[in-house]
Amino acid sequence: MIRGSIPALVTPFKNGELDLDTLKKLVELIGSAESLELRRAAIAVAGTVGPAKDRTLVKVLLAALDDTEPTLHRPALEALGRLQADEVLP
């Protein structure tokens with residue numbers, strides 16, 4: 001018996017195609033020097049809508065793990081986990 005919930009992962013599409021512009025904007029926001037709250041929000045969104053095998057997205061989330069701002073570490077790790085990024089594993 002399955003318990004709990006299994007949320008659907010939504011990838012941003014536009015006209016039936018992967019919306020690379022939106023994904024690119026999320027990647028730029030995560031790596032930017034914008035407000036901390038905006039960066040955290042972009043990380044959270046990217047972890048739920050990003051395609052699991054997008055190397056650029058995974059790379060910027062890995063960089064967030066080493067960011068000087070420690071409050072970005074956990075959301076980045078959670079996003080990488082949702083994306084099932086193998087690069088996080090030792």
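Here L72 contributes atom CG and L36 contributes atom CG; the two are 5.0 Å apart, rounded to the nearest 0.5 Å. Rounded to the nearest 0.5 angstrom, T56 OG1 and L61 CG are separated by 11.0 Å. A distance of 5.0 Å separates CG of L62 from CG of L80, quoted to the nearest 0.5 Å. In this structure, the separation between CG on L77 and CG on L65 is 6.0 Å, given to the nearest 0.5 Å.
Side-chain heavy atoms closer than 4.5 Å link hydrophobic residues (I, L, V, M, F, W, Y) into clusters, and following such links, possibly through other members, connects V58 to V60.
Of the possible polar contacts, none joining the R39 side chain to the G31 backbone as a donor-acceptor pair under 3.5 Å is found. In terms of modelled atom types and a separation under 3.5 Å, the side chain of H73 and the main chain of D66 share no donor-acceptor contact.
Inter-residue side-chain proximity for L57 and I30 is flagged as met; some heavy-atom pair is nearer than 4.5 Å.
Looking at every heavy atom in both residues, L29 comes nearest to A42 through CB-CB, 3.8 Å. Of all heavy-atom pairs between A46 and L83, the closest is O-CD2, 4.1 Å. What you find for A76 and A64 is that their closest heavy atoms are CB-CB, 3.7 Å.
Side chain to side chain, E69 and T71 meet the donor-acceptor criterion of an N or O pair below 3.5 Å. T48 and R82 form no side-chain donor-acceptor contact under 3.5 Å, judged by distance and modelled atom types alone.
Between K25 and E28 no salt bridge is recorded (no basic side-chain N to carboxylate O distance below 4.0 Å).
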